[in-house]
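Residue numbers count from 1 along this sequence. Values reported hereafter were calculated over all heavy atoms of this structure, with side chains retained and with hydrogens, waters and symmetry mates removed.
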Amino acid sequence: MPLYHDDDQAMLAETASQFMAEEGAIAKQLRHWRDRDCKDGFGHGLWKQFAEMGFTGMLVSEDDGGLGMGSYEAGIVLEEIGRNLTPSPFLASSVLAATALKHADSNARERWLPGLVSGDHVYTVAIDEGAKHRPEIIKTKAEKSGNGFKLTGQKDFVLHGASSDMLVVAARTSGSDDDADGITLFAVPRDAANMSHDAVRLVDSSMATHTKFDGVELDGDAVIGEVDGGREILNAMLAAGRIGAAAEGVGVASGAMDMTVDYLKQRKQFGKLIGEFQALQHRAAHLYSEVEIARAVTMKAAQLLDGGSEKADLMISVAKAKVAKAAGLAVKEGVQMHGGIGMTDEYDIGLYMKRDRALQEFLGDMYYHAGRVAELSGY
């Protein structure tokens, strides 16, 4: 598979690039909502525009009203979201939650997917239960209660948790906390009794919650997939989310790099443009190479995932780890090459560093995925 877009993908990339640059620009979205201390961290008007562009239903099948595209195409949109630091629930709703809902029965899909595709609803997923991403351990319990279940426990780092109309929650219905089996996914509506959210603003100004379930009563229709058989769905959801996060990270790295190179072409010191100094040229060239490698491995991983390859899981972790390293380099070099002004809020380069910091932790940091690469490679 070639590592470049076909004609349709190139058209999508051009459309997404223009849309995000115009409607999702930093001043128009990120700074606007941050400076107003918005409780959601994003604009619902922009989310409706996402729907009008067809972005919200990219991973939803055509039979369910979506576009029936794959992770590769979603990655094209996510790269532009990252490049412009556009705050939106796209990754949580249209990638993670949408992937889970693919495995729901027809009644659940009819209930939840139209609102997602239309942009009227925002969804999220509740997986992690600690400071670090460790989906291998699920302690939140769902116990049989009448014809349904009673959900008890806590989830952390739930993106847009307080703003979402529905949460896809991973809970344990049998076995011990670290068993691979015994996991069930539930669609929990926002108005469920005995569910509470402790909202926190993350370093990049996005919103997340610590969400508690204190005996939340759910009927049998809330189950996504099969009881005790949710690990496979959870893994599919994580795979889509991780490669999506990697694609957004490539956008963050590219945006920071482009801003830095542009600054090198404008800033003068000792009577010369600083971009003429060979030491800075070498650093810029090295950064460009690292970002392009990260983009290539992300594209390959998305292609493998869409193609159902057995190597997809390995390459997704390779991509997540490589992008974390490349994006980390891009934002650090960016702040340093901007000099003292790079540390001020007036310049956008610091916002890229903050987004990179939050994105690296989401669905596993560089060290988590480096460990998975070693494990999956047999080392």
Enquirer: Considering non-hydrogen atoms only, spot the tightest contact between L234 and P135 and give its length.
Expert: CD2-O, 4.5 Å
Enquirer: Report yes if some heavy atom in the side chain of M207 is under 4.5 Å from a heavy atom in the side chain of D40; otherwise report no.
Expert: no
Enquirer: Are L101 and M166 close enough that some pair of their side-chain heavy atoms sits under 4.5 Å apart?
Expert: yes
Enquirer: For G41 versus P87, what's the shortest heavy-atom pair and its separation?
Expert: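 Closest heavy-atom pair between G41 and P87: O-CB, 3.3 Å.
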Enquirer: Between K102 and D64, is there a side-chain N and carboxylate O pair less than 4.0 Å apart?
Expert: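 Salt bridge absent between K102 and D64.
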Enquirer: Can you check whether D345 reaches L351 side chain to side chain, under 4.5 Å on heavy atoms?
Expert: yes
Enquirer: Output yes when a side-chain donor or acceptor of S94 lies under 3.5 Å from a complementary backbone atom of T56, and no otherwise.
Expert: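 Confirmed, S94 side chain pairs with T56 backbone.
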Enquirer: Using only heavy-atom distances, determine whether the side chains of S164 and T124 contain a donor-acceptor pair under 3.5 Å.
Expert: no
Enquirer: Is there a donor-acceptor contact under 3.5 Å from the side chain of R201 to the main chain of C38?
Expert: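 Checking the backbone N and O of C38 against the side chain of R201, a donor-acceptor pair under 3.5 Å is found.
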Enquirer: Excluding sequence neighbours, so at least two apart, what forms side chain to side chain contact (heavy atoms under 4.5 Å, CB included) with H210?
Expert: Q154, D156, D198, V200
Enquirer: Indicate, with yes or no, if L304 and V318 share a hydrophobic cluster defined by side-chain heavy-atom contacts under 4.5 Å among Ile, Leu, Val, Met, Phe, Trp and Tyr.
Expert: yes
Enquirer: According to ring-ring contact (aromatic ring centres under 6.0 Å, His included), does anything in residues 22-60 pair up with another residue at least two apart or in another chain? List the pairs.
Expert: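 Listed by first then second residue: F19-F50, F19-F55, F42-H44, F42-H160, W47-F50, F50-F55.
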Enquirer: In the hydrophobic cluster built from side-chain contacts under 4.5 Å, what are the other members alongside I293?
Expert: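 Hydrophobic cluster check, I293: no partners found.
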Enquirer: Does any non-hydrogen side-chain atom of V95 lie less than 4.5 Å from one of E248?
Expert: no
Enquirer: Any chance you could lay out the side-chain contact (heavy atoms from CB on, under 4.5 Å) test for L287 and V261, step after step, and finish with the verdict?
Expert: CA-CA 10 Å; L287 175 58; V261 171; over 6 Å; no
Enquirer: Looking at every heavy atom in both A21 and N84, which two are closest together, and how far apart are they?
Expert: CA-OD1, 3.6 Å
Enquirer: Judged by modelled atom types alone, do S205 and R34 share a side-chain donor-acceptor pair under 3.5 Å?
Expert: no
Enquirer: Kindly state each residue pair satisfying ring-ring contact (aromatic ring centres under 6.0 Å, His included) with at least one member in residues 69-112, sequence neighbours excluded.
Expert: H5-Y72, W112-Y123
Enquirer: Mind checking side chain to side chain donor-acceptor pair (under 3.5 Å) for S176 and listing every partner two or more places apart, or none if nothing turns up?
Expert: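 Scan of S176 (side chain to side chain donor-acceptor pair (under 3.5 Å), adjacent residues dropped) gives D178, D179.
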Enquirer: Please answer whether the main-chain N or O of G68 pairs with a side-chain N or O of S61 as donor and acceptor at a distance below 3.5 Å.
Expert: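 Answer holds: no.
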Enquirer: Restricting to side chain to side chain donor-acceptor pair (under 3.5 Å), what partner residues turn up for Q266, sequence neighbours left out?
Expert: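 Partners of Q266 under the side chain to side chain donor-acceptor pair (under 3.5 Å) test: D262.
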Enquirer: Go through the structure and list residues passing side chain to side chain contact (heavy atoms under 4.5 Å, CB included) with D120, not counting sequence neighbours.
Expert: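 With sequence neighbours excluded, D120 shows a side chain to side chain contact (heavy atoms under 4.5 Å, CB included) to K48, S118, given in chain and number order.
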Enquirer: Is there a donor-acceptor contact under 3.5 Å linking the side chains of E143 and T152?
Expert: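 No, no side-chain donor-acceptor contact under 3.5 Å.
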Enquirer: Heavy-atom distance under 4.5 Å between the side chains of H121 and L113, does that happen here?
Expert: no
Enquirer: Apply side-chain contact (heavy atoms from CB on, under 4.5 Å) to residues T140 and K212 and explain how you reach the verdict.
Expert: CA-CA 10 Å; T140 298; K212 292 184 179 179; over 6 Å; no
Enquirer: What pairs meet the ring-ring contact (aromatic ring centres under 6.0 Å, His included) rule with one or both residues in residues 250-307, with sequence neighbours excluded?
Expert: Y263-H338
Enquirer: Using every non-hydrogen atom in the two residues, find where T211 and H197 come nearest and quote the distance to one decimal.
Expert: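 Minimum heavy-atom separation between T211 and H197: OG1-ND1, 2.9 Å.
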Enquirer: Tell me, please, which residues at least two apart from E79 pass side chain to side chain donor-acceptor pair (under 3.5 Å).
Expert: R83, R295
Enquirer: Would you find a donor on one side and an acceptor on the other, under 3.5 Å apart, between the side chain of R172 and the backbone of D181?
Expert: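 A pair under 3.5 Å: yes.
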Enquirer: Salt-bridge test for R357 and D365: reply yes if a basic N is under 4.0 Å from a carboxylate O, no otherwise.
Expert: no
Enquirer: Checking K320 side chain against A246 main chain: does a donor-acceptor pair fall under 3.5 Å?
Expert: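 Answer holds: no.
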Enquirer: Taking ILVMFWY side chains as joined if any heavy atoms are under 4.5 angstrom apart, and letting links pass through other members, which residues group with V223?
Expert: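 Members other than V223 - counting any ILVMFWY side chain reachable under 4.5 Å - are F149, L151, V158, L167, V169, F186, V188, M195, F213, V216, L218, V227.
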Enquirer: A side-chain contact here means heavy atoms from C-beta on lying under 4.5 Å apart; do D177 and K141 qualify?
Expert: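 A side-chain contact under 4.5 Å exists here.
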Enquirer: Heavy atoms, side chains only, cut-off 4.5 Å: are L46 and T86 in contact?
Expert: yes
Enquirer: With sequence neighbours left out, what residues match A256 under side chain to side chain contact (heavy atoms under 4.5 Å, CB included)?
Expert: A330, V331, I349, Y352
Enquirer: Who are the side chain to side chain contact (heavy atoms under 4.5 Å, CB included) partners of K332, not counting sequence neighbours?
Expert: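 In terms of side chain to side chain contact (heavy atoms under 4.5 Å, CB included), with neighbours along the sequence ignored, K332 is linked to M353.
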Enquirer: Is there side-chain contact between V60 and L116, with at least one heavy-atom pair below 4.5 Å?
Expert: yes
